[in-house]
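This report refers to the structure that appears directly beneath it.
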Amino acid sequence: MIRKPLGDSAWLLEFQPSVALSQVVALARAIRAAAPPCVRDVVSSYASIAVHTEPSSHREIGAWLDEFQLGSSSTFDGISIHEIPVCYDGEDLQTTAELLALTIDELIDLHQSAIYTVAAIGFTPGFPYLTGLPPRLHLPRKHTPRLKIPAGSVAIAGNQTGIYPCESPGGWNLLGKTNFALFDPLANPPNRLQVGDQVRFIRVPFLEQNRNLTATHSNSIHDSNGVLEILQLGSQTTLQRMPRHGRESAGIGPGGAVDPQALDLANRLVGNSPDTWAMECCLSGPIIRFHRDVTYAQCDGHGRLRQASAGEVVNFSNMSGSVRSVIAFAGGISVPENHAQPLQISNGMWLALGLPSCTPRVGNWFVGWPSRRSHIQLRFLRGVQADWFSDQIYQNLTDGIFQLSPRSDRMGARLTGAPLHVQQTGQLVSQPVACGSVQVPPDGQPIVLMAGRQTIGGYPQIAHVISTDLSLLARAWPGTWIQFCEVSLDQAYEIHRQSVVDLGKIQCAIDLLKS
């Protein structure tokens with residue numbers, strides 16, 4: 001077993017291919033059962049385990065992990081066998097058959113002849129990574145990943161096959177579709193398939209309609225007695241709080257605000273706890289009518305405290321400081337604790353607020369960071385697959401200048417620049433990833449994983465942006481120039497420690513301004 005830093009907020013344990021999947025899963029369960037509170041999550045995939053932790057406890061957990069030994073279990077408990085109907089009409093079916101020098105019928109016969117084993121659940125909620133793909137069907141991922149793959153798509157990549165439970169980006173080769181239900185967020189467990197289960201695909205000429213692969217539940221939080229009336233939502237306004245950890249083994253990423261520093265600061269300004277629900281806006285914010293006096297804070301680089309009167313309409317659509325903005329309201333937006341996510345908000349909706357606590361005096365003052373920048377520097381740790389790249393390519397990462405693409409989203413910040421082509425041949429077996437992981441698909445254009453990231457990925461990770469700098473990237477507008485600067489793990493620890501100290505100083509200043 002080899003232990004590697006997966007950035008400054010996780011450790012990756014890698015095992016030899018000869019180690020049985022059941023042993024890896026058994027060790028992951030043992031770590032999960034014995035983990036101290038600072039361990040956020042434990043995720044296994046094939047021959048690797050990720051242990052996610054708070055950056056401040058990263059060094060301590062690394063030493064703690066060294067005390068674990070690989071278990072001797074070699075079987076799975078409670079294995080189920082599932083037959084999954086597939087209509088083989090995928091977008092890549094023809095080209096995949098041609099690349100493999102097979103007829104379409106030969107490809108389909110081979111794909112449905114195998115019995116597959118669920119090796120991991122990840123990427124998106126309920127996505128099963130299946131081993132057992134016949135060697136004749138092994139095929140690399142797409143050169144450039146698609147931005148949208150339809151829900152229910154059955155696909156292959158490398159030596160794996162899988163099913164996309166919901167519409168998402170992806171780089172696998174699409175063979176067909178299924179209507180097999182994979183995920184229900186309110187079920188226990190939420191995934192229909194479990195690690196160790198077996199799967200067989202059955203060819204069908206067509207699929208029944210109106211069956212969801214991901215169960216949906218009412219998640220409207222409209223409150224007719226609310227305080228905030230959304231007149232116009234804005235282009236990408238969502239309700240967010242801090243990441244929710246502990247569900248990555250089910251393929252459910254931590255999510256949360258893309259700019260957690262802005263969320264933390266905006267909530268502190270109005271007297272809320274940092275984890276209180278607030279609005280995060282991208283590109284343009286909402287237009288809101290207030291139905292009682294409300295103190296609010298908007299943080300778009302600078303954090304400012306303002307007062308809205310009953311009946312007043314406030315236009316938050318003009319954003320200039322950063323591409324994302326957080327608006328927090330004294331008392332916080334009221335959301336039931338067991339609410340299904342993601343939360344849906346829309347024009348005309350009314351939102352309730354909790355009871356406000358003591359807030360600072362409203363005035364002509366602000367706190368925060370420098371406004372809109374044309375150039376930023378991201379500090380990073382060496383990636384777990386950095387040795388897959390030549391010395392020259394790795395130097396191109398540190399010496400080159402990249403540009404933030406407008407194709408970026410909550411899942412990942414896509415960069416353009418000199419291609420970072422992989423030197424090592426062969427396909428990477430899918431591994432856990434973390435926020436800040438810099439993945440490199442075959443086209444060589446890096447993707448920095450953000451708050452809406454997948455839990456497991458199959459592209460080599462050349463670097464890991466440190467936790468403190470992810471908010472800087474979250475605020476950057478498309479077209480921003482980006483340079484990478486490598487730091488050591490000890491330097492990353494010190495940078496994080498200093499950020500905590502700085503936040504404490506800001507809190508002291510806020511407390512002095514409270515009435």
Side-chain angles (χ1 to χ4, degrees), residues 1-7 9-36 39-53 61-82 114-133 138 157-162 189-191 193-199 245-253 383-385 388 426-434 437 454-461:
M1 181 180 76
I2 301 174
R3 175 169 61 85
K4 298 179 178 179
L6 190 65
S9 62
W11 290 100
L12 186 71
L13 309 179
E14 289 186 324
F15 305 89
Q16 294 296 324
S18 58
V19 175
L21 174 63
S22 57
Q23 291 179 286
V24 176
V25 173
L27 180 59
R29 289 173 179 168
I31 293 172
R32 192 178 295 114
V39 170
R40 292 169 165 171
D41 218 329
V42 180
V43 183
S44 65
S45 176
Y46 293 94
S48 59
I49 298 172
V51 180
H52 297 270
T53 183
I61 294 303
W64 178 78
L65 285 171
D66 289 338
E67 300 176 4
F68 273 86
Q69 298 296 321
L70 188 62
S72 59
S73 174
S74 58
T75 60
F76 290 104
D77 297 327
I79 293 177
S80 297
I81 299 176
H82 306 266
I115 296 177
Y116 301 90
T117 300
V118 180
I121 302 290
F123 179 61
T124 58
F127 185 105
Y129 287 85
L130 306 173
T131 61
L133 185 69
H138 291 188
N159 62 351
Q160 308 162 105
T161 192
N191 297 314
L193 304 180
Q194 300 299 312
V195 173
D197 283 358
Q198 293 185 334
V199 167
H245 299 286
R247 303 178 296 172
E248 289 197 47
S249 58
I252 306 173
V384 290
Q385 278 87 42
W388 282 46
Q427 290 285 298
L428 176 70
V429 175
S430 297
Q431 286 189 336
V433 296
S437 290
Q454 66 269 37
T455 60
I456 294 173
Y459 294 124
Q461 300 173 63

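Keep in mind that the numbers below use all heavy atoms, side chains included, and drop hydrogens, waters and symmetry copies. No experiment lies behind these values; they were computed from the predicted model shown.
Checked options Ile2, Val433, Leu6; the residue passing with Val384 is Leu6 (criterion: side chain to side chain contact (heavy atoms under 4.5 Å, CB included)).
Under the 3.5 Å distance criterion, the side-chain polar atoms of Arg3 are left unmatched by any main-chain donor or acceptor of Trp11. Not a single donor-acceptor pair under 3.5 Å links the side chain of Asp41 to the backbone N or O of His245. Side-chain atoms of Thr455 come within 3.5 Å of backbone N or O of Phe123 as a donor-acceptor pair. A donor-acceptor pair is defined here as one N or O able to donate and one able to accept, closer than 3.5 Å; such a pair exists between the side chain of Ser45 and the backbone of Ser430. Side-chain atoms of Gln461 do not come within 3.5 Å of backbone N or O of Gln385 as any donor-acceptor pair. Between the side chain of Arg32 and the backbone N or O of Val42, at least one donor-acceptor pair lies under 3.5 Å.
Atom CD1 of Ile49 is separated from atom CD of Gln431 by 11.5 Å, given to the nearest 0.5 angstrom. Of the inter-residue distances, the one linking Gln160 atom CD with Tyr46 atom OH reads 3.5 Å to the nearest 0.5 angstrom. Considering CG of Asn191 and CZ of Arg247, their distance stands at 11.5 Å, rounded to 0.5 Å. Residue Leu13 holds its CG atom at 8.5 Å from CG of Asp66, rounded to the nearest 0.5 Å. For the atom pair Thr124 OG1 and Ile456 CD1, the distance stands at 10.0 Å (nearest 0.5 Å). Taking CE from Met1 and CD from Gln23, the interatomic distance works out to 12.5 Å, rounded to the nearest 0.5 Å.
Of all heavy-atom pairs spanning Ala34 and Trp64, the tightest one is O-CZ2, 3.4 Å. Considering all non-hydrogen atoms of both residues, Trp388 and Pro460 come closest at CE3-CG, 4.0 Å. Shortest non-hydrogen contact noted between Leu193 and Ile121 is O-CD1, 3.7 Å.
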Inset, instruction - Start with the C-alpha distance between His138 and Leu133, add both sets of side-chain angles, then the distance that settles side chain to side chain contact (heavy atoms under 4.5 Å, CB included), and finish with yes or no. - result: CA-CA 7 Å; His138 291 188; Leu133 185 69; 3.9 Å; yes
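Residues Ser44 and Leu21 fail the side-chain proximity criterion, which asks for heavy atoms closer than 4.5 Å.
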